[in-house]
Amino acid sequence: MAAEVISMINWKGGVGKSTLSLHLAVGLMRLSKGPVRPKVLLIDLDPQCNLSYLALGVSKYIEKVYKNSQPTLKNIFDCYFEGKSFSTSDAIIKQPIVSRPNKVWLNVDILPSHSDLVLVDLRLAREKKSGTSHQEETKFELDKVSIIRNAIKQVEDDYDYIILDCPPNINLVTQNSFFASQHYLIPAIPDFLSTVGISMIKSEMANLNKNFNNMISYSGVDIGYSDATLLGIIFNMVDEYNNMPKSTHNDTMEDVKRQHKGMVFESYVTDGDGIAVAADNNMTVYSYNSFSKSKKNAMKQSDYLDSVVRELLTKF
């Protein structure tokens with residue numbers, strides 16, 4: 001059965017989107033029920049490469065990508081521009097995430113990003129192909145948002161979940177991610193700037209669904225597109241007092257719940273240095289027993305993340 005494909009989208013940076021993507025991937029592998037642990041693929045679409053650095057560690061990333069010429073997302077886009085085929089599996093790094101010293105988490109892979117992708121949106125926008133009809137030109141425009149979808153199609157039967165970490169914008173790379181996904185999640189932190197754009201994100205995603213369907217219908221291409229649906233809004237970096245969100249954060253979260261009924265996860269992720277310490281050790285907070293400091297905080301954050309993952313599993 002093909003994977004559940006999920007885009008992580010928020011136009012505001014600094015909401016912990018990459019960190020949450022990493023932990024959801026490991027959490028889904030750990031907590032999903034069944035005799036066989038599911039396989040999860042992370043795809044880093046952001047040229048900042050934060051998810052790639054978190055999963056591999058900066059030094060390992062540099063060694064693989066720059067010294068050993070490990071293919072990345074850049075190769076997939078380069079081959080599109082050059083009119084060449086590319087095997088997605090060649091760009092996937094198997095089981096890179098450390099679970100404890102000299103051990104890795106099984107069944108979690110990553111397709112890393114590359115800093116050279118910083119101009120790929122501009123290059124895609126400038127890419128123009130002349131067709132013999134408006135329908136054919138529309139097909140060429142669809143090709144530009146199908147790059148990630150086509151790459152995923154090669155490997156979707158190898159995974160149960162595919163999580164795409166999008167750049168903080170709605171440009172063509174993010175549109176590629178949305179076009180490839182059945183679902184999307186909106187990570188947010190409980191402040192005004194992080195949450196004010198949620199309605200705009202939902203509205204723009206609805207417009208993209210409509211535009212994609214219209215383009216497919218007009219071009220006559222048989223793609224089998226289905227609208228991407230919002231799984232929910234996940235609050236991250238929540239400050240607590242007495243095991244409850246502090247009043248300022250709670251007020252913001254309640255406001256968002258009123259505005260977007262049924263869309264806000266009841267579970268959330270607390271703020272704290274456990275995640276930072278995990279990143280310093282090239283691990284996730286699930287590896288808290290391997291930390292020399294902030295073990296208690298990391299354990300607490302891992303419990304909260306487990307609650308988020310369990311709630312996420314009810315939505316498929």
Side-chain angles (χ1 to χ4, degrees), residues 4-25 27-28 45-46 50-51 161 163-171 174-175 177-178 181-210 227-272 274-276 285 297 300-316:
E4 300 282 356
V5 185
I6 310 160
S7 284
M8 304 288 285
I9 296 176
N10 193 323
W11 302 341
K12 172 73 167 61
V15 298
K17 181 164 50 62
S18 298
T19 301
L20 186 59
S21 297
L22 179 73
H23 284 84
L24 289 181
L28 284 167
L45 299 175
D46 193 335
N50 289 338
L51 178 58
Y161 303 99
I163 299 174
L164 299 100
D165 185 25
C166 297
N169 57 52
I170 194 58
N171 296 336
T174 301
Q175 291 179 39
S177 178
F178 193 72
S181 300
Q182 300 116 331
H183 318 285
Y184 68 103
L185 284 166
I186 302 176
I189 57 177
D191 69 5
F192 174 76
L193 290 176
S194 170
T195 58
V196 69
I198 289 175
S199 293
M200 288 187 289
I201 293 172
K202 290 172 61 182
S203 176
E204 188 60 35
M205 296 305 103
N207 287 336
L208 283 177
N209 277 325
K210 181 179 179 180
D227 288 0
T229 59
L230 176 60
L231 290 176
I233 301 157
I234 301 176
F235 276 106
N236 205 7
M237 305 183 202
V238 177
D239 288 333
E240 283 194 325
Y241 181 74
N242 285 338
N243 295 317
M244 294 289 291
K246 286 186 175 180
S247 59
T248 52
H249 280 190
N250 187 66
D251 290 347
T252 300
M253 293 163 71
E254 291 301 319
D255 283 344
V256 174
K257 286 180 180 179
R258 283 191 291 271
Q259 293 173 34
H260 307 283
K261 293 186 184 300
M263 286 289 103
V264 178
F265 275 50
E266 292 299 322
S267 307
Y268 56 84
V269 184
T270 56
D271 198 12
I275 285 175
V285 291
N297 228 332
K300 178 180 179 179
Q301 287 180 304
S302 73
D303 289 341
Y304 278 69
L305 280 158
D306 278 347
S307 295
V308 170
V309 172
R310 289 190 182 97
E311 188 169 349
L312 175 59
L313 285 168
T314 67
K315 297 180 180 291
F316 295 115

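Side-chain atoms are counted along with the backbone in the values below, which use heavy atoms only and exclude waters and symmetry mates.
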Participant: Locate the shortest heavy-atom distance separating I198 from A188; write the atom from each residue and the value.
Facilitator: CD1-CB, 4.4 Å

Participant: Let me confirm one number: the CD1-CG distance from I201 to L208, rounded to the nearest 0.5 Å.
Facilitator: 11.5 Å

Participant: Does P168 offer a backbone N or O that forms a donor-acceptor pair with the side chain of D46 under 3.5 Å?
Facilitator: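 Answer holds: no.
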
Participant: Considering residues at least two apart in sequence or located in another chain, which fulfil the salt bridge (Lys or Arg N to Asp or Glu O under 4.0 Å) criterion with D306?
Facilitator: R30

Participant: Without swapping roles, check the side chain of S7 against the backbone of L164 for a donor-acceptor pair under 3.5 Å.
Facilitator: no

Participant: Is the shortest heavy-atom distance from the side chain of I6 to the side chain of L24 under 4.5 Å?
Facilitator: no

Participant: Using a cut-off of 6.0 Å, state whether more than 12 heavy atoms not belonging to K210 lie near its atom NZ.
Facilitator: no

Participant: Would you mind telling me which of L305, V308, V309, L28 makes a side-chain contact (heavy atoms from CB on, under 4.5 Å) with H23?
Facilitator: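 When side-chain contact (heavy atoms from CB on, under 4.5 Å) is applied between H23 and each of L305, V308, V309, L28, only L305 qualifies.
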
Participant: Does this structure show an ion pair linking D255 with R258, if we count only N-O contacts that are shorter than 4.0 Å?
Facilitator: yes

Participant: Can you check side chain to side chain contact (heavy atoms under 4.5 Å, CB included) on L312 and L185, steps first, answer last?
Facilitator: CA-CA 10 Å; L312 175 59; L185 284 166; 4.2 Å; yes

Participant: Would you say that W11 contacts I170 through its side chain, given a criterion of any heavy-atom pair below 4.5 Å between the two side chains?
Facilitator: yes

Participant: For E240 and Y268, run side chain to side chain contact (heavy atoms under 4.5 Å, CB included): C-alpha distance rounded to whole Å, both residues' side-chain angles, the deciding distance at 0.1 Å, then the answer.
Facilitator: CA-CA 11 Å; E240 283 194 325; Y268 56 84; 2.5 Å; yes

Participant: Could you check whether any side-chain heavy atom of N236 comes within less than 4.5 Å of a side-chain heavy atom of P187, counting everything from C-beta outward?
Facilitator: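 They are not in contact (no side-chain heavy atoms under 4.5 Å apart), so the answer is no.
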
Participant: Please answer whether the main-chain N or O of T229 pairs with a side-chain N or O of Q182 as donor and acceptor at a distance below 3.5 Å.
Facilitator: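 Between the backbone of T229 and the side chain of Q182 there is no qualifying donor-acceptor contact (under 3.5 Å).
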
Participant: Please tell me if the side chains of R310 and S267 come closer than 4.5 Å, counting only heavy atoms from C-beta onward.
Facilitator: no

Participant: Examine distances only and state if a side-chain atom of N10 and a backbone atom of K12 form a donor-acceptor pair shorter than 3.5 Å.
Facilitator: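 Yes, the answer is positive, given that a donor and an acceptor are paired below the 3.5 Å cut-off.
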
Participant: What pair of heavy atoms forms the shortest contact from G16 to M237, and how long is it?
Facilitator: N-CE, 3.4 Å

Participant: Taking all atoms of both residues into account, what is the closest heavy-atom pair of I9 and M205, and its distance?
Facilitator: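 For I9 versus M205, the nearest heavy atoms are CD1-SD, 3.8 Å.
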
Participant: Taking all non-hydrogen atoms of both residues, which atom of P245 and which atom of V238 are closest, and how far apart?
Facilitator: CB-CG1, 3.8 Å

Participant: Does V256 offer a backbone N or O that forms a donor-acceptor pair with the side chain of H260 under 3.5 Å?
Facilitator: no

Participant: Minimum heavy-atom separation for M8 and S21, please, with both atom names.
Facilitator: CG-OG, 3.3 Å

Participant: For residues 263-272, which residue pairs qualify under salt bridge (Lys or Arg N to Asp or Glu O under 4.0 Å), counting only residues two or more places apart or in two chains?
Facilitator: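 Residue pairs with at least one partner in residues 263-272: K257-E266.
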
Participant: Would you mind reporting whether L22 and L51 have side-chain heavy atoms less than 4.5 Å apart?
Facilitator: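 Sidechains of L22 and L51: in contact.
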
Participant: Ring centroids only, cut at 6.0 angstrom: are F235 and F265 within range, meaning strictly under it?
Facilitator: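 Centroid distance F235-F265: not below 6.0 Å, so no.
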
Participant: For H183, which of Y161, F178, F316 qualifies under ring-ring contact (aromatic ring centres under 6.0 Å, His included)?
Facilitator: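 The option that passes is F316.
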
Participant: Nearest 0.5 Å, what's the CD1-OG1 distance between I233 and T195?
Facilitator: 9.5 Å

Participant: Look up atom CE in M200 and atom CG in N207, then write down how far apart they are to the nearest 0.5 Å.
Facilitator: 13.0 Å

Participant: If you look at every heavy atom in T270 and Q301, which pair is closest and at what distance?
Facilitator: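 Of all heavy-atom pairs spanning T270 and Q301, the closest is O-NE2, 3.0 Å.
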
Participant: Donor-acceptor check, side chain of S181 to backbone of S177, threshold 3.5 angstrom: yes or no?
Facilitator: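 Indeed, once roles are kept as given, a pair shorter than 3.5 Å links the two residues.
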
